[in-house]
Structures are given as C-alpha cells and as structure tokens.
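Since the structure comes first, as structure tokens, the remarks are kept for the end.
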Amino acid sequence: MKNLNIGASWLPLASMILAIIGIWYLAALIMNGNQLINQLERKKQQWSYSQIASQAYQVKRPMLPAPHQVALELKKSVFDTSVSSKRSLVHHSLITLNSTMLGFLLGSVVGIVIAIGIVHNKTLEASLMPWIIASQTIPILAIAPIIVVVLGALNITGVLPKAVISMYLSFFPVTIGMVKGLRASDTLHVELMRTYNASALQTFWKLRWYSAQPYLFASLKVAIAAALVGAIVAELPTGAQGGLGSRLLSGSYYGQTQQIWAALIMAALLGSLLVWIVNLAETALLKRRGGLSNA
Amino acid sequence: MPKYVLTIIYLCLLAGQVVVVSSSEQGFYQQYPGLLILLALAAYAVTALLSQLTQLAETHPTYAAVTKVLVPSLFAFMLLLTWQSIVVGFAVSAVLLPAPSAIFYSLSNNLPMFWADFKQTYLKAVLAGYFLGCSAGFIVAQLAVKSRFLRLGLVPLGNFMSAIPIVGIAPIMVMWFGFDWQSKAAVIVVMTFFPMFINTLAGLQSTDAIHNDLMHTYAANKSQIFIKSQLPQALPFIFNALKLNSTLALIGAIVAEFFGTPIVGMGFRISTEVGRMNMDMVWATIVVAAIAGSLSYGALALLERSLLFWHPSFRGTHKR
Amino acid sequence: AEKLTLQLKWVTQAQFAGYYVALNKGFYEDQGIDLTIKPGGPDIAPAQVLAGGGADVVVDWLPSALATREKGLPLVNIGQIYGKSGMMLTCLKSSGISSPADFKGKTLGVWFFGNEYPFLSWMSKLGYATTGGENGVTVLKQGFNVDPIFQGQADCVSTMTYNEYGQVLDGGLSNEELMLFKYEEEGVATLEDGLYVLEDSLKDSKKLATYAKFLKATIQGWEWAAANPKEAGLIVLDYDDTGAQTEEHQIRMANEVAKLLASSDKGIGYLDPAAFDRTVSVLLDSDSTPVITKKPEGAYTHAVFEAAAKL
Amino acid sequence: MMLAIQQPQEEQVAPAANINRSMISVEDLSLVFDTNDGPVNALSNINLNINEGDFVSFIGPSGCGKTTLLRVIADLEQATSGSIKVDGTSPKDARLNRLYGYVFQAPGLLPWRTIQQNCALPMEISGQSGAHQQKQIDKNLKMVGLQDFHNKFPWQLSGGMQQRASIARALCINPQLLLMDEPFGALDEITRDHMNMELLRIWQETQKTVVFVTHSIDEAVLLSTHIVVMSPRPGRIVKVIESPLPRLKTLALRDQTAFHQLAAEIRSALANDHAID
Amino acid sequence: MMLAIQQPQEEQVAPAANINRSMISVEDLSLVFDTNDGPVNALSNINLNINEGDFVSFIGPSGCGKTTLLRVIADLEQATSGSIKVDGTSPKDARLNRLYGYVFQAPGLLPWRTIQQNCALPMEISGQSGAHQQKQIDKNLKMVGLQDFHNKFPWQLSGGMQQRASIARALCINPQLLLMDEPFGALDEITRDHMNMELLRIWQETQKTVVFVTHSIDEAVLLSTHIVVMSPRPGRIVKVIESPLPRLKTLALRDQTAFHQLAAEIRSALANDHAID
Ligand SMILES: Nc1ncnc2c1ncn2[C@@H]1O[C@H](COP(=O)(O)OP(=O)(O)OP(=O)(O)O)[C@@H](O)[C@H]1O
Ligand SMILES: Nc1ncnc2c1ncn2[C@@H]1O[C@H](COP(=O)(O)OP(=O)(O)OP(=O)(O)O)[C@@H](O)[C@H]1O
Ligand SMILES: Cc1ncc(C[n+]2csc(CCO)c2C)c(N)n1
Ligand SMILES: [Mg+2]
Ligand SMILES: [Mg+2]
C-alpha cells in the first residue's frame, strides 16, 4: 500500500474524488432543497422545483454546504487572511498542531516505555494490560473537561492539558503495537540469542528492537492521527481558546456549516500530512536497515 | 525469612490501610500526615504481593488461571484504595473528584437509570453502528481486493478519511439523522468503516506467496481462494479491527451524545451530571462504559483465540 | 497589583461585555487588579473550576449555584449583574403551540449542563412530565445551536433573547412564524449571570477588599458597555480567540444584554433579595425533580457590593 | 493420458503408450527478472522437449534457474521471450485444466488445517466427492507414512514430515503431469529411498509425466529417463542426457556400472561449470 | 579442553587428549509433547555418552527426534524425565557459560544485518574486541567461500549461501562444542564435499566436540567417530556405532571397503527399525 506507483494511481483516485464531488452536489441539492421546501411551505408560499434547484446552493444555514461553498470558505480563511489573524485557519491549525505534536511525543515515549516494561516483566503485564485496554473504553470527551479543570487547578494551563489528552489517546496504539512487535521476533532468532546466553538488554537492542520497528511505525501512524483527534477534542470543552476544535464548536454554535466543513477538511489535511511525515521517517529508517520492510 | 511470613506481613499492611481508610474522619491526612507512610507501605506490599503471585503462576501452572484474574484485581484494588485514601484523607471536594465508595454507592442506587442509559447508548446505537460499519468495511474491502481501480482510489481516500476527527462529524450527523440513536449509529458507522476496510484489505493481501501459488496451481476460483486461503490468513487483521472498533464505537456514541440527544444515554448522563456537579454519577457512568467496553473487547479476544489457535502468537508452549 | 482570575460561564461574547470593557479600558488596572479572564465552554462548569482553584471569581446562574451549594460547595453571590432573565422557549406557530397548555405531547429543546433547572421548575409547575408520553413533553438535550427548529426535530427550542433568538431570525424564520415564551413573563424567571466566590474566602478581609475593587471596576465596565453597546461589541470581538464571531452579532448581543442589567435603584451589581427569594421559590416549587430541597442560607452577601460602593 | 479418477482399475500397469507425444516443448525461452539493481537473467535461450511419460530431472548448482523453469511450466511465471507449450496448449490452459500437480520446494501447508484437511484442499477445490477425498487421502498419507498424523497440525510435524504431507497432497488429485521441486530434500536416506521407489511405482503404473528438480546426482540417475544439466549466470541448459537405464528400476540398480557411469557423466557436466570459491 | 581464543598457536594440531572425559551424558531421558490429539513421545529412554573430542552424528528417519535431542542438549527444550549433563554441568549452565555453538536447520540470519554483521553478532554479545571480531569473520567467511559477499544482506543470497553464512557465524566464536542440525542439507554435492572437508579440518585442528544431525549415511561415515542411529515413535536410540575409520579422513576414503562396510552397517541398522508404511 505504502509505495503506490503515482503514475498508475492518479486516475482511479481522481475519478473517485470526482464521483464523491458529484454525489456531494446531489446530496446538497436534496438536503438543502428539502429544507427550503419545508421553509416555504411553512410560510405557505408557492414553490417550484427550478426555483429550489437554483436556490439550494445558496441557503444561509445549509444542511450540507456544496463543495464550492466549502472551498470558498477554505480559500477565505486560509489564503485571504493573514496567518497571524485569529480568523486564519492556518493560525488555528498551528495551535492544534502544537498540542498534537507535544501529546504525540509524550504518548509515544510513554507507550514505548510501558511496552518494554510489559514485555520484560510478567507482573507488569498481568497487572497493567487489562487496565490499559479498559482505559481506552473511557470516553475521552467525558474526562477531557475534568483533566482541563484539574490541571488548571494545578496551574497547568495552555497547551499542556490538551497535550495530556492527546497523549492519553496516542499511547495506546503505541503500547499495543510495540508489545506485538517486541514479541514478533522470529522464534528461531530468539533461540539463537538464547544459545549465545545474551542478556535481556542485548536481546532487546540486537533483536527485539529491530523486529518491533515495522510495528512501531504502523502504530505511530495511528497514534499521530489519534493525537490530533485528542487535541481537537480537548479544544471543545475549553471552547473559546482557538484551534481547529474551537472552530468546529463555534461553527456548530452559530450554525456555520461551511465553517465546520472547512475545519474538518483542514483537520484531515493536517492528519494526512502528519501521517505522511511518519511515513517518510519509516522509509528512511528501513532503508538504513537494508530496505526490507518485514523482518 | 520464609516467604509466607513476608506474605502475611504484606497482607497485614494492606489490611491496616483498609481499616485506617474506612474508619477515619474526612481529612485525616491533614491531621496526621504520618499516616501517609502506611499508604506507601501498603502500596509497596501490593507490588511485592503481585510479583509473588506471578512467580507462583510460573512455578505452578495450575494456579495460572487464578492469578490471571487475581493480579489485575489486586492491582486495581490498590489503585482504588489509594484513590479513596487521598480523597478522604485530604477531604478533596466531591465536585472535583468523588471517592470510589461514593461512585459505587450512586451506581448501585441508580441501577434502573444506568440500565436505561446503557440500553440507549450501547444496545441501540453502538451495536447497530458497529455491526453496520464493520460489515460495510469488510464488504468494500472485498471489492477493493478484486478491483485494482477501486483499491487505488479507495485506499488513499480511506487514509485521508481516517485522519478526520470524528468529533467533527458528530454535529453533522445529529443534524442529518436526528437526536435519537440513529445519528449516533451513523457516527459509529463512519468511525468503524475505515479501520475495518484498511485492515481487511491488508489482511487479504498479506497471504503467503506460496499459498497464492498453490491456489493458482489448483486453478481455484476467486471465492475458493477467498474462503480457503485469504480469509483465514486475514483473520488476525480483521480481529485487530474488530477489537479496535469495539472501543472506538463506544467512545463515538458517547461523544456524539454531547451534540444533542434525548434525555437518556450515557453521553447525556455524563455531560448533564457534570453540569449538576454530580461527579459520582459521572464516574459511575464511566465505570459502566469501561465495563461494557472491556467485556466486549474480552469477548472478541476470546473468539479470536479460539479461531486463531493455529496462529504462531496463540500456539501452545512448544513452539518452533 | 493583585492577581485575580475570572471564569466565564460561556465562550467569549458580548454576554460578558462588561468584563471585557473593564479590562480593555483599564478599569481593573485603576483598582489595582490584574485580572485574567478565562473563557468558558460547553463543558466547563464554572463552579468546578472555582473548587479546583483555577479561578477566584466565576460567572454563574443562581439556580445552578444554589444546587452546587447544596452539593457541599459553598458558593456565595457577591454581585448580581443581570436583573432579568433572558431565557425563553421559542416555538413554531405551525406546530400548533399558542400557550403553555399546548406543550402537551410536543418536543422541546432544552439546554442541560446546569441550565435546565428553571425549565424543570416550569414544567413541574405546569404539571407536565418531562419523560414524554401522552400527558408530558418530550425533552431533547439541545446541542450548541438552534438547528432542531430548522430541521423540524423540535417544536420549540430554548433561546436567549440576546443570542440564539437572533440566530433563529437569521436562519430564515420570521417573528410572525414564532411563538415566544419568556421565563420572565411565565413567572418562572430565575436570576442569571452573577458573580460568585467561595464562602471561606470572604472571611479574609483582604480578599473581601479585593473583591470589592473587582466589583467596582466590573460595574464601571458594564455601565460603559450599556452606554456604548456598539463599541462594547467591538471590544469583545478583539478578545475572541476563535475568530468566528461577527461584528453584527456581537453588537446586537451587546444591545440586548443591556436590557437585562440589574435595574434596581442601587444599580448594577446589587442582588435584589426579592428576586433572590423568587428564584428560590421557583426552584423549591419543582417537586418532581427537586433542584434544591431547602431554603438556602448565606448564599449571597451584600458586603462586597457595599464595600465597592464606598470606594 | 489422464486416467479417470473414478476408475481405479485403470491405474494398473499399462503399456508405455503415446511415448512420442510431446508433453512440454520449450523454444528459445528466456526470462529476465527486473530487480532494483539491474536485470537478472534467470533463464536464457532454453530449448527443451519433454514427451508424455518421460521422467525428467533438472540438476544444477543453486541459483541456476531450476525452480524458475518449473514455475514457467506451471504458469506461475511468465517468460520474457520464446514460446512454451504444455500438453499442446499454453501453460495457462494446462493449469486451468488442472493438468498438473506441483510440489513446492517448501511444504506450504495451511497452518489452520490438519494434515488430512490440507490434503483434501485441492480436491475440495476441484469439487470431488467426500468419499473419494477420504479414499485418496488415506491411500496417499499411508504411502508417505503419515497415516498416524492425519489429525495433527502442520507446525506439530518435523520438517521432513511436512514435506511428505505436501507430496501426498499433490498426489491426491492424481494429476497427469507432476512438477516436483526438490521434494525429498529434507528426507533421510531410507525414507528418501522409499519415496523414490513409490514415486517410480506411481509413475510407471499411471504413466504420468514427471518433471523433477534435485540436488542429488544419485537420485537423478535412479529416477530419470532424461537428465537436464543446468548452469547459472545466465541460467541455461548445459546438456540433456538420456538415461540408458531401463524404465523399470530397482534400488539394486545403484550397484551396477551403468549407474555409476551415468552418475560420473552428470558429475563431470556439472563440474565443468562449477566454481564455488 | 576449551582453547583460549587469544592464543591461536594452540589451534594447531594437538594430540587427542582427554579423550575419555565425558562431554555429554544422557541418562534415561524422555520428552513428551502435548498436542491437541494426545501426547507425542518425541524422545524415549535415551541413554548416550559423548566424550570430549568426539564427532558424533545422529542419523534416523524424519521425525525420530534428532532435532529434539539436539535442542535438549542446547537447553532449548526441557526433558520430561531423565537426566542430562553437558560438560559436567546442567545444559543451562553450559549455555550460560557459552560452551557451544548451534547451527540451526534453517539459517536464521537477521535480515537487517549484512552477512558480516550477522557473523559479528555472537561476538558482540560475548563482548569481544572489534579487531578480534574482524579477524574471525574474515577467516570463517573465507572458509565457507563467502568472502565476496560479506556486505550483502541475507535475502540477497541463495539458500545454500545463507546456510554457509550461518555455519561461519557459529564457528566465529570458536566454541568447544558444536551442535549442528543438518547444516549441509541445502547444498549441492560439490559444495557439500568442500564443506565436509573444512569441517573435518577444523575439528581435527581444534579438538572440538561435534554433534551433527544428518540425513546422509555417506556424510555420517565420512565425518564421525560415532554414529547414533535413531528410530521414531517413540524416538529412541537403536544403535551407537563406533567408527573403525581413522580420525584423519580424506574424500578418498569413500572408495575404501571399510567405508562401504560401515555405511552398510548403518543402513541395515536404519532399515531394521524403519517402517514407513
Ligand atoms: N522473484 C525474483 N526476483 C529476482 N530474481 C529472482 C527471483 N526469483 C529468482 N531469482 C533469481 O533467478 C535465479 C534463478 O533462481 P531459481 O530459484 O530458479 O534457482 P534454483 O536453480 O531453483 O536454485 P536452488 O537450487 O537454490 O533452489 C537466481 O539467480 C535468483 O537470484
Ligand atoms: N512443537 C511440537 N509440538 C508437537 N510435536 C512436536 C513438536 N516438535 C516436534 N514434535 C514431534 O516430535 C517428533 C520429533 O521431531 P523432531 O523435529 O525432533 O524430528 P527430526 O528427527 O528432527 O526430524 P527431521 O529429520 O524431519 O527434521 C515428531 O514426531 C514431531 O511430530
Ligand atoms: C452545552 C450547552 N449548555 C448550555 C447552552 C446554552 N447556554 C446557556 S448560557 C449560554 C450563554 C448565552 O448565549 C448559553 C448559550 C448551550 N448552548 N450549550
Ligand atoms: Mg529452487
Ligand atoms: Mg529436524
């Protein structure tokens, strides 16, 4: 999947995107048109289908803004606004990116450390593993405000509470992936290390760490996307302090569907960019170890 | 000193802490900070007990099943005990953090209400959305395996879509599908579709080259290749997605309820009771969610174990 | 200067114009107070922030403050900014509602998160069960906006005169299509935005003096905002970090909130004991879902207001 | 000639008929693998004819293209140039007609199926009846000495046992053409002798055509009617030796001079092209 | 006697000393695998003594427990009952003392290390100096004919080359005891002859003890001082044959009668207990 041949792949992707845009326009017509019809009927006014069709893409609070409306909103808030302005989506993306990166770093480190502990210590594994899984069933949005408030009480404000929530979401895939990866070493290789009477540390650095790398990168890609979700979720309860999350919230608050969609697309772009960067790092590292992806 | 003497000492320390916590007044740590030492000792005793238990499991495999439950329970018990001690000992306001005892109390006192919430969120939204999302991801992955065109179009798109934070689509889904569980199920469908799609696709494509060649020499048709070779080899991937999705689905439903819901449901309960300063109710709902999530996860893990007995990660102790 | 943190009940908007004006115009500075304003959000409970020590003063509504007080967190009102309630139920005439008697069997959008108490009292007074059914009303937890009335998901939605009502109009519904039920007019009005602190802190006379200075500057800010709604709206806009608010919207809100400010002869900031008692009786009347169970004692003080008046 | 599976009586000894009908004919075939650091000439200008009923062994140093050539015959690899006919048709049609059975260099058993279920796989795919399946499985598992292991999973068997299971699997469908890639590599001498004799018996009884890759000169001599000696870089055929030994062979043959002469001839053909260090 | 690694002069030919000191002694050893359909008796009542300096081959049909026995010696598998001593201590202590080098049936090279780095691995682990590592690697890679491939990654080598690399890796640490599980299985005849002679030379020069699993009777005769014939179900030792051939052997030995007699003796011992069908 990773190394798709660009030359051969643009056509299917392009046609898929075209199809989606087509469906999107159609859906917008139907949804907004219906809304319009309801409104006119409530006012007991006459309406015709041609009138609806011509107005469906101009409603003030569309149920589904048409692609060009979202594009316009994106253009307005990305290109037509200076980056330092609070109305710039780039500005808000950077705020979100900030806590995403911090949370991702913290989460990766915590995730790796826990995984190493679990793989090497049976007690840790037995006592921790079930609760690590249970921890992810706690709805994050439920504890986000609590974390923000409690950390706020400890005078930790700004980027850190958001990063903590990002960390909470991103450590899990890293832990699970790393535990799998550290244990994915070929049995033959493990036995080889045993015949050398290698210490746990030696086995780790010469064998397990390598067999874990492909798993680690797969998890890091999930983790960085999760960190982004965490950052955005964390921006919801604190509503008014900037970031893509607060754009989503205020978009919803003021019925600005275009603004929601623009923020969503920006978030997806940001997420794709982050995953792509992890991908680059992976390719670079795998190249150094001979270019074989699955060890 | 023989081992069992140590074990008895550890148990005594733990029991002592339990007695202190359950019989003392609010804010006792503020009065007698020295008691904190006992808490630290009890925590140490528990870690020691835990490693004794794991050693026991290693030397006597017959106890393994018991310790497997006992170890995490003991660990959790100590966690709760510490929580209770700190909250009671430092008289932490119930508005900030309720004591575990208070959470348990409100849970057992409001069972019918929690059951109604569970029914609304889990039995309706989560189950429907999870089932639809997972099956859709699975089916589309089938199509994508067969068609290179679809694959090249869907995979980058899937990666892009999975980067969208679901919290963002929740308000849209509520707008489109109404306030009741249907909009929550829709959020879950969107959330669970792509993990299932990507994983199934990866699994179906991960088949051993030699098995592909083998089926090729048999001139097997596509459905035979699928059922006899691809599906079994894809199962580990599919279970990964099923397990991941089981936690995602619950979170998705609860998050979506923040954006509008009838006045029942776990997400509704959490957000409403936070506003009413009933933190014990909030935590009780979280407990219900965690139990439901862990049980679903555990059930899937058991199913996986029984279906994937042949996989190297599940084979018996004698491996090569 | 003395540091002080104020936690708002909701996001930065002209609902809180007075504080921002006072900050912007240096009224707090003049009183020797270094004020930090923390905007709220949909899941920020001001009382919780106060309990956690994240703020010294919070803006909250009296029903929720009293309920919290019963939970064991002793909030005390040190000044009441709004004398009138801005909350109302906005209904579609087309759904056949012309009086509260028509609510039966209808679907009503309500805000929760501590804002539901007045509504519950009202329904209790009307004798409607809030759990749906033949003789009750179906309640929806209304999200962040007034969409349900546009999408036909609810017959009525909750609105504030100064905010969501405008959005309903902007969204294409005209005044003639709507039926409004103001809490103020239905006899279930409760006191809204007020300033609250923890009871213990009031025992410290230095703290009390600080609060007085803060209240003084706040009152000044509100008076200025009431006099210059347009400028006040623009000032608020400056402080909005989301960059999502519009000028038009904020100015309209500033105009509307000016109408709600406490208008007793003592001026803005004075909690009218009669209004307090009315709120309490509205809350106590609700027997199906008790918000508070007994008459609260010491839930407000005029000490700060009086100290501020002497400054 | 393909024997109808439902008529076991026909499996009895039959005259060496059709001995001149070509089963596989390869003309000027070349195959180049594109790799990251340049093309690899795996096969170069291969010309070869294999008649129906022949037993042909490919022998040659590691990396000379034996496996690759076998894979081209089986339609698992496409030639870069040249032509190939299998049973008068293209390799693809031959495959679709389920003409051949292929024994891979590695056992390639499905880990979630028991040995018995693994053997059943090709028959399930070609839609044979359950009773017939069971008969074939019992017969062939017995033949390879795994009758007691039919309910074990592959990973519970030793390497040699797995390889025998994969041979049984290929034989179960009773194909007209048998393609075998070092099938006895992991077997001990006696088992190997036994398997060699069983293979000879089956070949003689059913008049299959067998194409066989091996590293063992003795094995090639013992089994084959024709020995193809190959050499690497680029993979090509050095020599095709027709065996002077009778078609009906026994292990005793190994003590005869004709056997040793043939072995020596192969050895020298191989040595001419061999440079290990 | 363990040779100090830093004193290469001692690696020269030395008299067959200590020939009676026991290196491995196995008493009444049994091993049972639990599987889904009942226990498998992989080893049953094994009694065996191997003296220091011996070259012992295990031979026997596939699945008779050769690999399993070797793994018990290497402390990779625990016996169900019975006792075993390696170098006078338990297998575990022998392993902890880094007494032996093990060559697995599969090469087991780390794919992220080049051939040279793979050979360095065991020396890195036992903490040997870089210069010494380089010397050992150069010597042993040359010996197995891979000196030109030291910078290649494992998957760039053919199967036979990989196996040779894994032999070089085991030899680099110059262990007192060499445990080898079918090390030459994937090699063609000429390469195999070469490797056999090299192994004999190293064994003679350094007086190692070698335990060697093979499928080839000729190989067993050519190399061993003692041949252990095993038989399956349950895995047990049928016969231990002491070789009458001299310790110093050449390939020419293969043409002598003594060689053929010994081979015949092994063959008949194997055949007696061999019931494949
Ligand atoms: N998929 C591939 N990509 C690139 N090169 C390949 C591929 N498969 C085989 N080769 C190369 O083709 C040549 C012939 O390989 P082949 O597997 O046919 O050898 P072989 O004669 O079967 O060797 P062995 O006896 O070791 O099995 C080798 O040089 C090998 O490196
Ligand atoms: N992990 C295991 N689980 C169950 N049975 C096993 C396992 N490993 C080996 N066996 C059984 O133990 C017996 C001996 O196996 P072993 O691998 O030692 O044979 P071997 O002599 O090395 O055979 P080969 O020559 O084929 O390598 C076999 O019957 C095998 O089925
Ligand atoms: C979760 C949530 N809670 C409350 C309100 C309503 N609300 C109460 S006070 C206030 C400020 C005035 O505009 C608003 C909007 C909401 N919209 N969303
Ligand atoms: Mg090959
Ligand atoms: Mg073996």
Side-chain angles (χ1 to χ4, degrees), chain D residues 35-37 59-64 67 105-106 114 141-153 155-164 182 184-195 197-198 214-220 232 255 263 266-267 270-271 273-277, chain E residues 33 35-38 40 42 59-68 105-106 142-148 156-164 181-182 185-195 213-220 230 232-233 235 263 266-267 270-271 273-277:
Chain D
T35 72
N36 48 340
D37 54 4
I59 194 163
S62 153
C64 69
T67 300
Q105 214 166 343
T114 61
L141 278 185
K142 184 140 190 259
M143 203 263 292
V144 300
L146 289 178
Q147 65 275 40
D148 296 342
F149 290 81
H150 65 113
N151 261 337
K152 292 262 188 298
F153 286 94
W155 73 89
Q156 296 172 327
L157 299 190
S158 78
M161 292 160 116
Q162 290 184 26
Q163 207 163 16
R164 281 184 277 152
E182 292 189 48
F184 306 142
L187 300 185
D188 64 287
E189 233 160 90
I190 299 199
T191 312
R192 192 167 185 153
D193 283 349
H194 168 82
M195 294 299 303
M197 293 327 288
E198 286 293 322
T214 180
H215 270 144
S216 160
I217 297 174
D218 281 9
E219 194 170 64
D255 303 326
I266 298 171
R267 196 164 283 122
L270 276 171
D273 256 288
H274 202 285
I276 177 177
D277 43 359
Chain E
F33 285 112
T35 73
N36 51 333
D37 58 359
V40 172
I59 195 164
S62 138
C64 69
K66 304 179 293 294
T67 299
T68 309
Q105 216 165 341
K142 182 136 193 263
M143 203 263 293
V144 299
L146 290 178
Q147 65 276 41
D148 295 342
Q156 297 174 323
L157 267 52
S158 83
M161 289 159 126
Q162 289 183 27
Q163 208 163 16
R164 283 183 274 152
D181 196 352
E182 292 189 48
L187 301 185
D188 61 289
E189 238 163 86
I190 298 184
T191 314
R192 192 166 185 155
D193 284 349
H194 169 81
M195 293 302 303
V213 175
T214 180
H215 274 143
S216 160
I217 297 177
D218 280 8
E219 195 170 65
M230 298 179 67
R233 264 154 284 159
I266 298 171
R267 196 162 281 124
L270 276 170
D273 251 287
H274 204 286
I276 181 161
D277 43 359

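Proteins come first, then strands; the chains are lettered A, B, ... in the order of their sequence lines, and each starts at number 1.
- Among residues two or more places apart in sequence or in another chain, the salt bridge (charged side-chain N to carboxylate O under 4.0 Å, His left out) test is passed with D193(D) by R254(D).
- Residues passing the side-chain hydrogen bond (donor to acceptor under 3.5 Å, both in side chains) test with Q162(E), sequence neighbours excluded: none.
- Looking at D148(E), neither its backbone nor its side chain comes within 4.5 Å of chain D, counting heavy atoms on both sides.
- Closest non-hydrogen pair, G63(E) versus S158(D), comes out as N-OG, 3.4 Å.
- If you measure heavy-atom distances from R192(E) to chain D, you find no contacts under 4.5 Å at all.
- Of all heavy-atom pairs spanning P61(E) and T191(D), the tightest one is CB-OG1, 4.0 Å.
- Scanning all heavy atoms of the two residues, the minimum distance from V40(E) to K152(D) falls at CG2-CE, 3.4 Å.
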